[in-house]
Amino acid sequence: MSVPKHRKSKSAVRTKRAHLALKTLKTVKCPECGAASLPHRACPSCGMYKGRKIMATKTEQIEKREVKRKKKEEKDKLKQRANK
Ligand SMILES: [Zn+2]
């Protein structure tokens, strides 16, 4: 690996970093729920894209996980009862 021979001047470092600033994200208003979302991507708050339901929202994912967990708990309880 090559190693720099000289330290970069403050000016050179700052000139380089002048182009590293973050740009603000462009958002579009979701036609279904009105929330701001990224263009050409499914809306994170309602999960719709081009008028179709594409993905589950965060709350729907959590609900699904809860249902799965409860089912597993019930199954485990039944197993424990069977073992006694
Ligand atoms: Zn939406």
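Whatever order the structure lists ligands and atoms in, that order sets their numbers, starting from 1.
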May I have all residue pairs that pass side chain to side chain donor-acceptor pair (under 3.5 Å) and include part of residues 63-78, sequence neighbours excluded? E66-R69, R69-E73
Pairs satisfying side chain to side chain donor-acceptor pair (under 3.5 Å), at least one member in residues 5-30, at least two apart: none
Measuring from I62:CD1 to T57:OG1, what's the distance to the nearest 0.5 Å? 8.5 Å
Flag if over 12 foreign heavy atoms under 6.0 Å of CG, L22: no
Sequence neighbours excluded - side chain to side chain donor-acceptor pair (under 3.5 Å) pairs with any residue from residues 40-55: K53-E60
With a cut-off of 2.8 Å, how many protein N, O or S atoms neighbour the Zn ion (ligand 1)? 4
Point-to-point distance, once rounded to the nearest 0.5 Å, from SG of C46 to CD1 of I54: 10.5 Å
